Amino acid sequence: MSGVASLSRTVDDNAPYDVEEVRTDFPILSEKIYGKPLVFLDSAASAQKPRVVIEAMKNLYEHEYANVHRGLYWLSERATDRFEQARRTVAAHLNAAHDHEIVFTRNGTEAINLVAATWGRTFLKAGDEIVISELEHHANIVPWQMLRSEKGIVIKVAPITDEGELRMDAFRALLGPRTKLVAIAHMSNVLGTIFPVKEIVASAHAIGAKVLLDGCQAATHQRVDVQDIGCDFYAITGHKLYGPSGIGALWGREELLDAMPPYMGGGEMIDKVSFEKTTWAPLPHKFEAGTPAIVQAHGLAVALDYMNGLGLERIARHENDVLRYANERLGAIPGLRIIGTAPSKASVVSMLADFAHAHDIATVIDREGVAVRTGNHCAQPLMARLGVNATVRASIGLYNRRQDIDALAEALEKVRRVFG
Amino acid sequence: MSGVASLSRTVDDNAPYDVEEVRTDFPILSEKIYGKPLVFLDSAASAQKPRVVIEAMKNLYEHEYANVHRGLYWLSERATDRFEQARRTVAAHLNAAHDHEIVFTRNGTEAINLVAATWGRTFLKAGDEIVISELEHHANIVPWQMLRSEKGIVIKVAPITDEGELRMDAFRALLGPRTKLVAIAHMSNVLGTIFPVKEIVASAHAIGAKVLLDGCQAATHQRVDVQDIGCDFYAITGHKLYGPSGIGALWGREELLDAMPPYMGGGEMIDKVSFEKTTWAPLPHKFEAGTPAIVQAHGLAVALDYMNGLGLERIARHENDVLRYANERLGAIPGLRIIGTAPSKASVVSMLADFAHAHDIATVIDREGVAVRTGNHCAQPLMARLGVNATVRASIGLYNRRQDIDALAEALEKVRRVFG
Amino acid sequence: MANLEKFEEFVDNLSQLDDETRFEYILDLARKHRHDPFPASDMTPEHEMHGCQAKVWIVHEQRGDMHYFRGHSDAAIVNGLVTMMTDSFSGLTSREIAELSIDHVRKLNLGSLTMQRQVGMMAMLKYIKKLGLAQAA
Amino acid sequence: MANLEKFEEFVDNLSQLDDETRFEYILDLARKHRHDPFPASDMTPEHEMHGCQAKVWIVHEQRGDMHYFRGHSDAAIVNGLVTMMTDSFSGLTSREIAELSIDHVRKLNLGSLTMQRQVGMMAMLKYIKKLGLAQAA
Ligand SMILES: Cc1ncc(COP(=O)(O)O)c(C=O)c1O
Ligand SMILES: Cc1ncc(COP(=O)(O)O)c(C=O)c1O
């Protein structure tokens, strides 16, 4: 389903791709902001979409749209086919053992909440422990806090080093007989650190705890193989994967999903309903109440096809090259400090400037057409740990290039002149 | 934001619109199925989308897309503006007192589940009663059954007449001192009945019960004024309102929403997060964890603008005309019985044929290009009440016309010839 | 794999038909089935296969090492499909049943009757395998 | 409504500027503010306004029937905007404060500094009204 252009680009799998050519796949990248070319460095918040994704959704609405699963007519069968094909694409992308281990959600946040509200509510009791880390996104903190309020579970927080790495010794020391779940980011949205997830899983499984990985960032920068990692749940979000807004997915091990009660009630997720008793549909429908995000699931699948067309390894190599360049170029700006320097990191440069407030930086560089994120990045506890209020974060997507970093650096120099 | 064409059509507010002209707004309606023109009579399951909606979403992705609420740069501000403008459009459409009474959800099902999981879990206790009706969609049955399993509440079911009307006497008799909520469809998706919601609200409020209306069907066929109706919660779903898949909305009274705990935890819905304590964002963000369905909210707003451009009253008049014609034309087919004959009904014709199974009917008429729904319509208890397994349901959208009914009638005659 | 003669016959026949006649063919199967009616006494919940819009019953019998299936649906087209499935896969051994896969369903070219019905056929195959293998275990 | 002289002056000035100079103007307000620094002792949680990316503190005082505001932000641009708001709406009576509306914010033409910042300004206005009216009640 990926464009012909991108297929032809994959002839030599090891050669880097032509980023200028790739950029033409993304309509928004030729926008002008205040008359200046857009320099988009906020893909970690949400990525831009290639034309094939936008067109695929348009086509579905224009030629094959209907509600899914319940219609016996051609359009409904087409739409159902697209939707279930999307599930297969996501399953293959994560190397899930079964297609029905993929549950479509609105976003990554809902994927994690689903686990907290069904698995957590059913299998955890007062005193049971969940281990998270200091650098979690709010999406992987708040659902567990809500469960804590309800059930009296205990949340233990594994510390990170100043560089942004998980302190594995301290992490292991938190694991104990009452640990039921380790819920941890595969990659940090603030520091870019990639956690050693296989080691984490091995330690957690050794004491019988399950592992949920928040893969909302990681899945956009590397190949994810849930069977190889060995985790139990994996959450992704479509809009960061060059797919549309309004779609995410939870992967869960079949036997765990089977044992979990449904999350929401309604159409699609039932087998038989009477006022007295209702029985649930088999996986994955048990967890997909109501009309799903049909077109968005298809859009996500096309986005994954697009990424695979470029090659996940090539994307990673390209992004890493830009990241290295960014570290050099931005690291050379006086008064600017890069935080998050773990050896294993991807795509993200978080910065603190001594010459201006992050808010002022964002405002000034916006006027140069440069889009970065400032603030706490939905990770207030991490900010507290780092002793800062806000950082300026530039994040690199598959379409960014060294010039984007140059534009950011020049804009930051301008900030220094205005405020310094 | 509605197309110029539709604006020019509203010059005389009372004149019926030209349905053939309106049909050209919907690209899919010119599709051919097995070489025959598509006759789409399944809008009650999901409506088709006008070009303005599809294009508006495409444009947002191509020119103004970014994550919302947290970015200080131009694109993010644009996207946020679109998203919050969509909220205002929905609020205005339902005549909500405040924009922040609109919570965006994935679909109507989630809107109802949100109320069950937050308001229900917090304010209901064992023995408290919820009154629903015999003709509810599973989306307005199963969430309450799940709450019943958890909390020991009691679900009482108000009966309907053979014509499909609510038996108001019996309904009132079910209301009592323990009734905390009446959760009822504004309009039936199977029979088309429109319930007397103002009367229902008056009776429920008289004994201090709250009222949730499932407006997933009703809102597509008439003007809804939640303040005039006087209800407490109102659920709608975008894909039936000519909007995209993946978006719905809950309207709730400010003071109720304020008193409810959040549903999901994550980004957007918090004020301050620390590992010890987290406080919630104000309405509506408290209920919108994670990246919302940004582009879909915009698409829904454009769809509502489109409907308003045509005129809600004119749409209703047009649909009622086609409905009357359908009753005559289909009612004249030997062996075919129309079920659901309440005086106050809209848009839906449910049928039973003595000459063929609903499944066979659907299969045969599909080959004639006619799309209708067969089955239990996610309303198994109603099917049981009516003593049938499945009905054939034709439903009428703003773009349907008498010819569509003729095509259906002819296809049904063909079924009679094949199976009769 | 032996004993798939009946199945191969269906595959052959269907592959030679166009959409219109394929449809007639399946309805014919359902009509033939009328002469060998499925007893009402077998239309019980324990024989009912869930998840279809139409009701489907399948009865399994083992004779020696061989498995036999009979089925019925209240909808004519589904009835034709059920007949196709039960006739195809009756007379197989447990081992042979274990080897059946969705490729067998795919080989039955249903033309425009695909997708939802293909899903239904897959479900039937699964159910047949479950019945056959439960017995074998 | 009386006493909105300072506000009208801002409206006038801003309307005559283009994007670039408007930006400078707001930064100038922040710089002027440096000569009348907001005491660190007032940067307490009770004076902090929530919901902004930058920290914002606003202190309210009532003298007779009149309300006076002083504010500060750790970010320069926000600081300029806070100054604009507190200067605009100081010296009003409770009744006058009650009548302030989002139209006032809209009149302050912020050009390309709109939207998020406009939202922030609305929030400040709301906060100012809350402070002023709580006192009045
Ligand atoms: C009356 C009624 N309620 C609720 C729903 C659920 O809507 P959705 O599937 O979009 O959540 C539907 C539609 O299927 C409906 O017709
Ligand atoms: C690490 C991480 N987890 C979870 C999320 C939540 O994703 P979403 O907002 O799409 O639900 C994000 C993105 O904001 C993230 O970066």
Side-chain angles (χ1 to χ4, degrees), chain A residues 27-28 31 33 42 45-46 48-49 54 58 61-63 65-67 70-75 106-110 113 138-139 141-143 145-146 155 157 239 244-246 264-267 270 272-275 278 289-291 293-296 362-363 366 371 373-375 378 380-381 384, chain B residues 27-28 31 33 42 45-46 48-49 54 58 61-63 65-67 70-75 106-110 113 138-139 141-143 145-146 155 157 239 244-246 264-267 270 272-275 278 289-291 293-296 362-363 366 371 373-375 378 380-381 384:
Chain A
I28 208 170
E31 285 294 300
I33 307 293
D42 196 23
S46 199
Q48 298 299 346
K49 326 301 175 197
I54 303 170
K58 179 170 186 281
Y61 282 126
E62 290 188 350
H63 303 293
Y65 181 79
N67 210 329
R70 285 165 293 183
L72 282 169
Y73 53 87
W74 194 89
L75 284 180
R106 173 181 29 251
N107 51 27
T109 301
E110 188 186 2
N113 276 272
H138 294 164
I141 300 175
V142 185
Q145 292 181 325
M146 290 166 68
I155 298 174
V157 184
H239 66 95
S245 63
M264 300 187 196
I270 50 81
K272 299 227 170 244
V273 177
S274 72
F275 290 122
T278 289
T291 303
I294 302 164
V295 179
Q296 293 74 35
T363 307
D366 172 40
R373 178 122 318 198
T374 55
C378 291
Q380 292 179 15
Chain B
I28 208 171
E31 286 294 300
I33 307 294
D42 195 23
S46 198
Q48 298 300 344
K49 326 302 175 197
I54 302 169
K58 180 171 185 283
Y61 282 125
E62 290 187 350
H63 303 294
Y65 180 79
N67 209 330
R70 287 165 291 181
L72 281 169
Y73 53 89
W74 195 88
L75 283 180
R106 171 180 31 250
N107 52 25
T109 301
E110 188 186 1
N113 276 274
H138 294 165
I141 299 174
V142 185
Q145 291 182 324
M146 288 166 69
I155 298 173
V157 184
H239 66 94
S245 61
M264 298 186 198
I270 52 82
K272 298 228 171 244
V273 176
S274 71
F275 290 123
T278 289
T291 303
I294 302 164
V295 178
Q296 293 75 35
T363 307
D366 172 41
R373 178 123 318 200
T374 55
C378 291
Q380 291 180 15

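Numbered from 1 within each chain, the chains take letters A, B, ... in sequence-line order. Computed from a prediction, not measured in an experiment: that's the story for all the values here.
- Interface remark: A:Asn113 contributes side-chain atoms only to the contact with chain B (heavy atom separation under 4.5 Å).
- With a threshold of 4.5 angstrom between heavy atoms, B:Val157 approaches chain A through side-chain atoms but not through N, CA, C or O.
- Between the side chains of A:Gln380 and A:His138, no donor-acceptor pair is found at a separation under 3.5 Å.
- Looking at every heavy atom in both residues, A:Lys49 comes nearest to B:Tyr61 through CG-CD2, 3.5 Å.
- Taking the salt bridge (Lys or Arg N to Asp or Glu O under 4.0 Å) definition, one finds that A:Glu62 meets it with A:Lys58, sequence neighbours left out.
- When the candidates A:Ser245, A:Ala66, A:Ala293, A:Gly266 are compared by the number of heavy-atom contacts under 4.5 Å with chain B, A:Ser245 comes out ahead.
- Closest of all the heavy-atom pairs between A:Tyr65 and A:Leu75 is O-CD1, 3.7 Å.
- In this structure, chain B has no heavy atom under 4.5 Å from any part of A:Ala384.
- Between B:His239 atom NE2 and B:Gln296 atom CD the span is 12.5 Å, to the nearest 0.5 Å.
- Considering only heavy-atom pairs separated by less than 4.5 Å from chain B, the leading option among A:Cys378, A:Ala371, A:Gly108, A:Ser274 is A:Ala371.
- In terms of non-hydrogen atom pairs under 4.5 Å with chain A, the most contact-rich of B:Thr291, B:Asp42, B:Ile294 is B:Thr291.
- Contacts with chain B were tallied for A:Ile155, A:Thr374, A:Thr278; A:Thr278 has the most, counting heavy-atom pairs under 4.5 Å.
- Only the side chain of B:Met146 comes within contact range of chain A, judged by heavy atoms closer than 4.5 Å.
- Counting heavy-atom pairs closer than 4.5 Å to chain B, the top residue among A:Val295, A:Ile141, A:Val273 is A:Val273.
- Taking 4.5 Å as the limit, some side-chain heavy atom of A:Glu110 sits within range of a side-chain heavy atom of A:Met264.
- Contact of the B:Asp366 side chain with the B:Ile33 side chain is registered, since non-hydrogen atoms from C-beta on lie closer than 4.5 Å.
- Taking chain A as the reference chain and counting heavy-atom pairs below 4.5 Å, the highest number among B:Pro27, B:Pro381, B:Gly246 is found for B:Pro381.
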